[in-house]
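Below is one structure, written out as structure tokens, with a few remarks after it.
Heavy-atom basis, side chains included; hydrogens, waters and symmetry copies ignored.
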Amino acid sequence: GVQGGYRLARPSDRLTLMDVVEAMEGSVPLYRCLSLRRRCGLAPDCPVREAFNRAGGRMAEVLHSVSIRDLSRQILLEGRGEPSWLKVTA
């Protein structure tokens, strides 16, 4: 439109923060093991890689659990008013 912006492809209660992150960033993992580019003796059972894999999984759970409607309602309920960058129309 004249003022730009995005129109949601589905209702805001069915669109998660993970959907937005994936649309904007792709499905790039939080952490990529360097053993893909270098030799590493820890690679098969690396505790660092395992920790980052668990952290990434938990982050994905949180992003999947938060809808765009949740975020917009939280902003409005906190008394901030409707920010100029957020206009929920339906």
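- A distance of 6.5 Å separates CE in Met59 from CE in Met18, rounded to the nearest 0.5 Å.
- Here CG of Asn53 is found 12.0 Å from CZ of Arg58. Values are rounded to the nearest 0.5 Å.
- For the residue pair Ser65 and Asp70, the shortest heavy atom distance occurs at O-OD2, 3.8 Å.
- Taking each heavy atom of Arg14 and Asp19 in turn, the nearest pair found is O-OD2, 4.0 Å.
- Results of the side-chain contact (heavy atoms from CB on, under 4.5 Å) test with Val66 over Val20, Leu71, Thr16 single out Leu71 as the only residue that passes.
- Between Ser12 and Ser67, the closest heavy-atom pair is O-CB, 3.6 Å.
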